[in-house]
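So you know, we letter chains A, B, ... as the sequences are listed, proteins then strands, and number each from 1. Side chains included, hydrogens not; waters and symmetry mates left out as well; all remaining heavy atoms used.
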Amino acid sequence: MFPLPIVAAAGFVQPAGDAPSNLRDEVRAVTPNAPRRINRLSELGLIGAHRCAAGRELADDTAVVVATTTGCLNDSVRLLQAVGQRRPPMPMDFINVSSNMTGFHLAAGLRLHSSNQVVASADFAWEAAVEVAMLGSRRFLVGAIEECTWPLEQQRERLGLPGDTPILESSQWLWVDRDARSPIARINRIQRFQDDAELATYRASADWPGEAEVSVFGTNAPSPYSGIAAAAACVDAVSRRSRSFVCMTRGRTGQWCVTEISAA
Amino acid sequence: VTFRVPGDGSAPVYVTGTGLVTCLGSGLAAQTPVMRSGRAPTPRIVDTAEGQSPYHAVRHSDEGDRLYALLERAITPAVQEAGLSEQALRRTALVLGSSCLDLPIHESAYLGALNDGGNPTPIIGPGYGTVAANLAQRFGIEGPQYTLSTACSSSANALLHARLLLTSGLADHALVIGVEAYNRVSVDGFGALLLLARGGYAPFDKERTGLILGEGAAAVVLAREGGPASPVMLYGGASACDSSSPTSSHPDRILAVMQRALDDARVGADQLIGIKAHGTGTASNDLAEGEALRRLHPELPPFTSLKPYAGHTLGACGLVELLMLVAAWRDGFLPATPGFAEIDPAIGIAPATSAMPLAQRGAMLCNFFGFGGNNTSIVVAR
């Protein structure tokens, strides 16, 4: 299963302001055939994934796998409000609430016919998405996307965050191809550990280079985005051509998931 | 069917425990009398934003949360039947496929607060992975958790991923779950798309008018090894993106995914003893699926749609309908498609119109398609 050769990496991240920013121009900047009437999650997904593809042609059997923690939150909120007001929902809100619509629009734009999956996991959404992708496909775009809803104070209430916590919108992508001739990096391992002791035993014997960068997430009160933070860290490390990078994420029940990446 | 050698990396996996709850009742045996009769049960009538609609609801005690009550009724018997030790269960992977996820809970909380005169924030504590995490805690599962949400193909895709976890050696067992609980968002949403049936449910019929929704939950334990007692084996499958339309599938892409599933299972179309169609009863699905089925093989085996018996259970239908099929198969018949009366000339083929004898050994193809161009076919065998 490993290593997984990485062809490209790219991300898009922006702090959530007092009002939603218009992402339409960003979408148009990365793809000439920007689909209309898409939701915010799909806009974020298209921006990140097209930056990763960077205009290159992907094999049509490239899968699209999206990790998300909170998914199509804006559509879900609007649909519930419509129910509360006893009025029919907007049809596009109901269509767009299928979170695999992001993969659909990507597949349509890049002319892909392979699998299109949306994967979540309470603590390890990013790692779970990579696992789903690597087991099902030889080549894939795997991304982690989170959107914000407004007003911000409601979003903080929704996520259980203190009143001044900054919120980010993010779309982080890797393009993996097992047949890549000149990958820029490789995922060498994704491994889960039941607890601190099991992880410590592994670390004692792990063959990590001395200069390995290590990022650790979720060790304190876990943010709803701790799994997605792992995606951002991995994409950043690949983009910087880090020689050796280890991402360690701790789940709420004390489990760990470790991702090891090295430059090609 | 040529049975492959387990352990070759693409081998079949075995269902070793099952649990199912639909409007027909709990357990596989509860499903068969109505399916043998060939007559759809009478749905309840629920309110929608624009009037009323039939809905196949599960009988429920109204005590406690509906979503988790359904899940409990499906998972507990599956785990017990599989006979996993506490230690084995702890290492089991949990793979959930659902399109509603915990939306019914958020909907109930939001509407309840509104009715109390409040001004609530909708969806407190969102998390697509929350249901799986809660189930893992409830059943003592510490293996990896995956939630797949790909509209109406969700739990079929969960099955395929679980199979890969097992055949790749990443897990010894997997608990695969599909669930759809009543929620007003889905009923109003399909109503807004004009996809709800205006009369009875009649997949593939010339006069079909749309779908009737339903709720249900299903769970299976998958293992790399099984015995003759295994009710069914998952032989293979495929999932592919059809980017021609976000809400309907193209016959070419349906044909392609069925063929890929058969190739993955190393089963020829001529070896199939039957097909469980997706058969939503909508104009576009049945037209596209019917054309693809017609082109799959000149001598098409009997096919049917099970949705009139329990409603369209959306993201749960992959597992719910698989177990309904297994229930009938175990009893030696392929259920008829209720409501079908007249061939649609544009489709040109007819589903089973009465319960048909089904050989105990053989392979069947099952189709599941979802919004977002998500087409999934699986091949199962007994």
Could you tell me which portion of [X] (side chain, backbone, both or neither) has an atom closer than 4.5 angstrom to a non-hydrogen atom of chain A?
X: Arg260(B); answer: side chain
X: Ser244(B); answer: backbone
X: Asp242(B); answer: backbone
X: Leu148(B); answer: both
X: Leu193(B); answer: side chain

Heavy-atom pairs under 4.5 Å with chain B are the metric here; pick the option from [options] that has the most.
options: Cys257(A), Ala128(A), Ala129(A); answer: Ala128(A)
options: Val132(A), Val66(A), Thr102(A); answer: Val132(A)
options: Leu80(A), Val119(A), Val83(A), Leu79(A); answer: Leu80(A)
options: Thr68(A), Val97(A), Ile95(A); answer: Ile95(A)
options: Ser76(A), Gly71(A), Pro91(A); answer: Gly71(A)

Sorted by first residue and then second, give each ring-ring contact (aromatic ring centres under 6.0 Å, His included) pair with at least one member in residues 159-180 of chain B; sequence neighbours left out.
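Counting only pairs at least two positions apart or across chains, the ring-ring contact (aromatic ring centres under 6.0 Å, His included) contacts touching residues 159-180 of chain B are Tyr146(B)-His161(B).
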Neighbour count >12 (heavy atoms, 6.0 Å) for atom [atom1], [X]:
X: Met92(A); atom1: CE; value: yes
X: Arg86(A); atom1: CZ; value: no
X: Gln85(A); atom1: CD; value: yes

Of the listed residues ([options]), which shares the most heavy-atom pairs with chain A below a 4.5 Å separation?
options: Gly370(B), Gly373(B), Ser245(B), Gly315(B); value: Ser245(B)
options: Ala240(B), Ala256(B), Gly143(B); value: Ala240(B)
options: Pro246(B), Ser153(B), Ala238(B); value: Pro246(B)

Could you look at [X] and say if it's the side chain, the backbone, both or neither that has a heavy atom under 4.5 Å from chain B?
X: Glu157(A); value: both
X: Ser115(A); value: both
X: Gln81(A); value: both
X: Met1(A); value: side chain
X: Arg87(A); value: backbone
X: Gln194(A); value: side chain

Using a 3.5 Å distance criterion without hydrogens, assess whether the side chain of [X] forms a donor-acceptor pair with backbone atoms of [Y].
X: Arg156(A); Y: Gly163(A); answer: yes
X: Thr70(A); Y: Leu73(A); answer: no
X: Ser155(B); Y: Leu319(B); answer: yes
X: Arg158(A); Y: Pro122(B); answer: yes
X: Ser186(B); Y: Asn183(B); answer: no
X: Glu169(A); Y: Ala16(A); answer: no
X: Thr48(B); Y: Gly51(B); answer: yes
X: Thr201(A); Y: Ala197(A); answer: yes
X: Gln255(A); Y: Glu142(B); answer: yes
X: Arg224(B); Y: Leu166(B); answer: yes

For a side-chain contact (heavy atoms from CB on, under 4.5 Å) with Leu41(A), tell me which candidate from Met101(A), Glu147(A), Glu146(A) qualifies.
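Exactly one pass, corresponding to Glu147(A).
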Quick one: which residues of residues 97-108 of chain B reach chain A at under 4.5 angstrom, heavy atoms only?
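Within residues 97-108 of chain B, the residues that come under 4.5 Å of chain A (heavy atoms only) are Leu103(B), His106(B), Glu107(B).
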Considering heavy atoms only, which positions within residues 129-139 of chain B lie below 4.5 Å of chain A?
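So the qualifying residues are Gly129(B), Ala133(B).
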Hey, is Asp196(A) close enough to Arg250(A) for a salt bridge, meaning N to O under 4.0 Å?
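Arg250(A) and Asp196(A): salt-bridged.
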Leu211(B) and Thr280(B): which non-hydrogen atoms are nearest, and at how many Å?
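Shortest heavy-atom separation between Leu211(B) and Thr280(B) comes out as CB-O, 3.4 Å.
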Donor-acceptor pairs under 3.5 Å, side chain of residues 104-114 of chain A to any protein atom, not counting sequence neighbours: which ones?
from: Ser114(A); atom 1: OG; to: Asp61(A); atom 2: O; distance (Å): 3.4

Hydrogens and angles aside, do Gln172(A) and Ser170(A) bring a side-chain donor and acceptor to less than 3.5 Å of each other?
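Yes, side-chain donor-acceptor contact under 3.5 Å.
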